[in-house]
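Reminder, nothing fancy here: chain letters follow the sequence lines and each chain counts from 1. In what follows, every heavy atom counts, from backbone to side chain, and hydrogens, waters and symmetry copies are set aside.
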Amino acid sequence: MSVKRLTRLAVLTALALALHVLEAQIPPLAPIPGIKPGFANIVTVWALVALGPLDAALILIARILLGSLFAGSVTALIYSLAGGTLCFIASLALRRFVSEKQLWALGAVGAIAHNAGQLAAASLILKSAAIWSYAPVLTVSAIVTGVFTGLIAQLVHARLKGKTSK
Amino acid sequence: MKTRVWIVIFAALIAVCLPLAFILGRLGGGHIANIYRDGKCICSIDLDSVTEGYSMTLDDGEGHINTIRIEPGSICVEDANCPDRVCVNTGRITGGSKPIICMPAKLVIRLESRPAEGFDAETGG
């Protein structure tokens, strides 16, 4: 791994981690578990498009591991990992269906998948399917926040295009 | 894919999920509060038979303590010692399919039309 690539991954991981930790400090937006902006996904979406799947995955994994370390619980790690993995797989699968001007859609799809992953993990841990009744409201919130974070990634990508050498 | 296609997909999803979320918040529940820990019912309360509000402390033996408040026709978690306090923020539920959930304590409170199996739904089995 070149020094340049390593440095870039480190800086992006630090950025994603800062967003991840910052977001954890924001009080809940609504009295419904799981509704949050998902700022850290801005970094994942941008990295996926600008740097490729491998770099995006490395940043994502490092951010989740370090973020859960700060949160300080194993359950936080399980949720983050379940949500992050599903979000990444969905984003990667749909990557070729979205143009550079449709990254907002990638953000929304990723957010929906993230929630699905977390709901699945939660229902396994709780041994109860009751939590899935939150799926519709979480899907609506995921579309709103996902379009927002995806759009940020899209605007960043448009600005940085041509300036990021591989 | 065309941008229009994406817009239609997300608009359709919102059009389906928004009413569904509303419906789930209103319908499908009963007046029996079944409290589950780790997938097993630990307490079943008929909220219609409650005449005076009272509180109940649930301890999972691993340091998670939830204080449940039972009122005639409603139930809520009034205090919890977990950091996220999602269960407290969920507030009072009076019906509907949406449960109160405390992830750290693995606690699920559902309002159902009948007590969980093996419970007589008065003050707990």
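- Highest contact tally toward chain B, considering only A130(A), S128(A), A135(A), is held by A130(A) [criterion: heavy-atom pairs under 4.5 Å].
- By the rule that hydrophobic residues join a cluster once side-chain heavy atoms approach within less than 4.5 Å of another member, L15(A) and L160(A) end up as members of one cluster.
- Atom NZ in K106(B) sits 7.0 Å away from atom CD1 in I125(A) (nearest 0.5 Å).
- At least one side-chain heavy atom of P136(A) sits less than 4.5 Å from a side-chain heavy atom of L24(B).
- By the 4.5 Å heavy-atom criterion applied to side chains, F22(B) and V137(A) are not counted as neighbours.
- Heavy atoms of I7(B) lying under 4.5 Å from chain A belong to its backbone as well as its side chain.
- With contacts defined as side-chain heavy-atom distances shorter than 4.5 Å, the pair V109(A)/F10(B) qualifies.
- Rounding to the nearest 0.5 angstrom, the gap separating the CH2 atom in W104(A) from the OG1 atom in T3(B) is 6.5 Å.
- Looking at C87(B), neither its backbone nor its side chain comes within 4.5 Å of chain A, counting heavy atoms on both sides.
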TODO: Evaluate the side chain to side chain contact (heavy atoms under 4.5 Å, CB included) criterion for residues K98(B) and I131(A): first the C-alpha distance (whole Å), next the side-chain angles of each, then the deciding distance (0.1 Å), finally the verdict.
DONE: CA-CA 7 Å; K98(B) 288 183 186 171; I131(A) 200 165; over 6 Å; no

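- Between L94(A) and W6(B) there is a side-chain heavy-atom pair separated by less than 4.5 Å.
- Contact count against chain A (heavy-atom pairs under 4.5 Å) is highest for D38(B) among V108(B), L20(B), D38(B).
- The CD1 atom of I143(A) sits 6.5 Å away from atom SG of C17(B), with the distance rounded to the nearest 0.5 Å.
- Both V45(A) and V147(A) belong to a single network of hydrophobic side chains, linked directly or stepwise wherever heavy atoms of I, L, V, M, F, W or Y lie under 4.5 Å apart.
- Under a hydrophobic clustering in which Ile, Leu, Val, Met, Phe, Trp and Tyr are joined whenever their side-chain heavy atoms come within less than 4.5 Å, directly or via other members, I59(A) and V156(A) fall into the same cluster.
- Side-chain contact check for L13(B) versus I112(A): some heavy-atom pair is nearer than 4.5 Å.
- With a 6.0 Å radius and a threshold of 12 heavy atoms from other residues, nucleotides or ligands, R114(B) has its CZ atom at or below the threshold.
- Taking NZ of K127(A) as the start and CZ of R37(B) as the end, the distance is 12.0 Å to the nearest 0.5 Å.
- Distance check: S99(A) OG to K2(B) NZ gives 12.5 Å after rounding to the nearest 0.5 Å.
- Side-chain heavy atoms closer than 4.5 Å link hydrophobic residues (I, L, V, M, F, W, Y) into clusters, and following such links, even through other members, never connects L155(A) to L51(A).
- Residues L54(A) and L6(A) share a hydrophobic cluster, clusters being chains of Ile/Leu/Val/Met/Phe/Trp/Tyr side chains in contact below 4.5 Å.
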TODO: Report the C-alpha distance between Y134(A) and T90(B) in whole Å, list the side-chain angles of each, state the deciding distance to 0.1 Å, and finish with yes or no for side chain to side chain contact (heavy atoms under 4.5 Å, CB included).
DONE: CA-CA 12 Å; Y134(A) 281 107; T90(B) 304; 3.8 Å; yes

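- Residue S133(A) holds its OG atom at 6.5 Å from CD1 of I101(B), rounded to the nearest 0.5 Å.
- A donor-acceptor pair under 3.5 Å is absent between the side-chain atoms of Y36(B) and the main chain of L126(A), judged by distance alone.
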